[in-house]
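All remarks here apply to the structure that follows.
Count residues from 1 along the sequence.
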Amino acid sequence: MNDLISGSRHPDRIERALDGLLTESELAALKADVVRDPTLRSAYVDRAWLDAALRAERDHLPRLLASPATPAVPAAPASHAARPVRWPIFAAIAGTLAASFVIAFAVSRWLPAIRPADAPIATLTSAANTTWAGSTLPTAEDSALGHGTLALVQGIATLRFASGAMLTLEAPTKLELVNAMHARLIEGSLTAEVPAAAHGFTVETADLKVVDLGTRFGVTASSTGHSHVFVFEGEVQLEHPSGDTLRRLTAGKAFHVSSGAVAAGNVEPARPPTLERIDGWTSIPTSFGRGKDAYARRSAANEHPQPLLLVKHSDLPLSFRNERRASLAFDLANVDARSIAEAELVLDPEPSGLGFSALAHDARFAVYGAIDEALDAWNETALTWETTPGAGSDATFGGQLRKLAEFSLPRGASGDPLTVRSPELAAFLRADTNGLATFLIVRETGETDPSGLVHAFASKEHPTARPPTLRIR
């Protein structure tokens, strides 16, 4: 066979055929020889297929040939780099072959050696102003991504899958790329836009599978283990992780998984929270003493307690406003309020599992203090919109609350704890006379999309994050 390939009978016949250098009569003669001679036929099929496959994969060859784990493959002649594929020649000869197993043999023999071990699943098309930590995949814009994990801790990033599906990640989010038609949302939020060619694209969470049926949708998986799906356009099919179909969801509809499951295990007996004093600062969490925290929702009752304190403001008509406010109270009985020189409020942002920051703006928040100490008696386990401290005028809170500080969270902000400080905060605490200080957390930035983001902060019921904490000195 080597004699035939080298052209002992006709110098370089196969190479010249692939280069299109044979005359019409020479090509006819080669075709006749290939049909008649099984050895020449096998050599031609191997060489033609390898020639085409090598050039089809030439962008990946440098990486493949540099890898010690990659099987060695014959180097293509230098002249092949710019040479067009002579498919008509190959097709003319291969089309006359009766033994199709020869082609199958060539494919199985050569393709595993030259095809990348981890072909790109997606491309990171947008990653400006992002921060990543713990990713196993490249995080630079325009990076080709194979199977692996992306961990976005700040900002917003967009992926285009080889199937055509587009996913926009909102920090903090951790996503596993499985294949061109499948992604696993470990935690966080994403929105998906799936063209017709990628129908069936699946986003999986720990407790749900969302199968696209031609749509634009959003999925969140919160740190407390629940998943939320909202369909903006089209339709999705929801499945249990086992594969059982749960239901179909159409445009404008949402579905929220609320398992309420508690993991079994050996847990140390709970210890009463104590005050922490370090470097002259005293930390007072809402879990200490008479402290409390809860949130209220307009036009709806909440079940309490909750691991998250939800906050939202809307510019929609009143009947459509799904607003929320958080109330906090700190026990000051063990400190001398009059001696407070500095004060700061520490909050731990968490994914809410509700709404999408891609549909929201940078958000500005305000911290109010209850100057009427009668409001300190609010009920943590039965808090409603109407019984929230300062209920009444949305603009002035009936003169019962005073704005103490402001803070902002940019769209796609990380979940790092934030600290709110102001002279007004310390002055408010110095004026306390009953040993209990009540605060109200309000988002001032509104929105016009009913699927906009609901912000959340860890409460004292959160299993892992720190509760709201007042630090004084």
Side-chain angles (χ1 to χ4, degrees), residues 222 224 226 256 258 260 273 284-314 318-333 345-355 363 365-405 407 420 428-429 432 434-444 453-463 465-470:
S222 76
T224 54
H226 305 311
H256 189 205
S258 181
I284 308 172
T286 52
S287 55
F288 172 77
R290 296 176 296 159
K292 49 192 174 181
D293 55 33
Y295 78 91
R297 177 181 176 187
R298 184 190 291 272
S299 303
N302 297 321
E303 294 182 2
H304 294 286
Q306 295 277 0
L308 298 176
L309 302 172
L310 304 183
V311 181
K312 180 178 180 177
H313 174 56
S314 173
L318 188 62
S319 59
F320 294 97
R321 290 187 185 179
N322 200 3
E323 297 185 283
R324 298 167 174 86
R325 293 172 179 164
S327 299
L328 316 174
F330 297 93
D331 190 341
L332 305 179
L345 178 63
V346 181
L347 300 171
D348 199 343
E350 291 289 318
S352 70
L354 299 169
F365 297 79
V367 179
Y368 287 82
I371 56 178
D372 181 353
E373 292 186 339
L375 299 179
D376 293 334
W378 57 275
N379 190 332
E380 177 185 42
T381 59
L383 187 66
T384 66
W385 188 264
E386 291 73 21
T387 61
T388 297
S393 170
D394 286 350
T396 64
F397 298 104
Q400 299 173 310
L401 277 69
R402 177 186 303 149
K403 182 183 286 191
L404 305 176
F407 65 93
V420 184
F428 168 74
L429 295 174
D432 179 76
N434 68 349
L436 196 62
T438 289
F439 297 92
L440 187 69
I441 309 297
V442 176
R443 194 177 83 190
E444 296 185 328
L453 184 66
V454 178
H455 286 86
F457 306 94
S459 78
K460 61 188 178 68
E461 305 295 336
H462 198 283
R466 78 167 72 188
T469 301
L470 182 65

query = Can you check side chain to side chain contact (heavy atoms under 4.5 Å, CB included) on K460 and F288, steps first, answer last?
reply = CA-CA 9 Å; K460 61 188 178 68; F288 172 77; over 6 Å; no

message = Between E461 and Q306, is there a side-chain heavy-atom distance shorter than 4.5 Å?
response = no

Candidate pair D432 and E373, rule side chain to side chain contact (heavy atoms under 4.5 Å, CB included), full reasoning = CA-CA 8 Å; D432 179 76; E373 292 186 339; 3.5 Å; yes

inquiry  = Once rounded to the nearest 0.5 Å, what's the spacing between atom CG of L401 and atom OH of Y368?
reply    = 8.5 Å

ask   = Between A458 and L309, what is the shortest heavy-atom contact and its length?
value = O-CD1, 4.0 Å

key: T387 to A382 - nearest heavy-atom pair and separation   = OG1-O, 4.0 Å

remark   = To the nearest 0.5 Å, atom CZ of R290 lies from atom CD of E380 at 13.5 Å

remark   = In short, G289 meets D331 closest at the heavy-atom pair CA-OD2, 3.5 Å

request  = Decide yes or no on side-chain hydrogen bond (donor to acceptor under 3.5 Å, both in side chains) for W378 and S327, but give the supporting numbers first.
outcome  = CA-CA 9 Å; W378 57 275; S327 299; 5.5 Å; no

query = Any side-chain heavy-atom pair from Y295 and I441 closer than 4.5 angstrom?
reply = no

task = Kindly compute the distance separating OG (S459) from CG (D348), expressed to the nearest 0.5 Å.
result = 11.0 Å

message = On a heavy-atom basis, which atom in T286 and which in A329 lie closest, and how many Å separate them?
response = CG2-O, 3.8 Å

key: Partners meeting salt bridge (charged side-chain N to carboxylate O under 4.0 Å, His left out) with E444 (sequence neighbours left out)   = R364, K403

ask   = How far does OG1 of T438 sit from CG of L436, to the nearest 0.5 angstrom?
value = 5.0 Å

key: Derivation of the side chain to side chain contact (heavy atoms under 4.5 Å, CB included) call for V367 and L328   = CA-CA 10 Å; V367 179; L328 316 174; over 6 Å; no

Distance in Å, R297 CZ paired with R324 CZ, rounded so as to fall on 0.5 Å steps = 4.5 Å

ask   = Sequence neighbours excluded, which residues qualify as ring-ring contact (aromatic ring centres under 6.0 Å, His included) partners of F365?
value = F407, H455, F457

remark   = The side chain to side chain donor-acceptor pair (under 3.5 Å) partner of H313 among R325, E323, R443 is E323

Steps toward side chain to side chain contact (heavy atoms under 4.5 Å, CB included) verdict (V442, V311) = CA-CA 7 Å; V442 176; V311 181; 5.7 Å; no

key: Where T388 and L383 come nearest, the two heavy atoms and their spacing   = CA-CD1, 3.8 Å

request  = For residues I284 and F330, report the shortest heavy-atom separation together with the two atoms involved.
outcome  = O-CD2, 3.2 Å

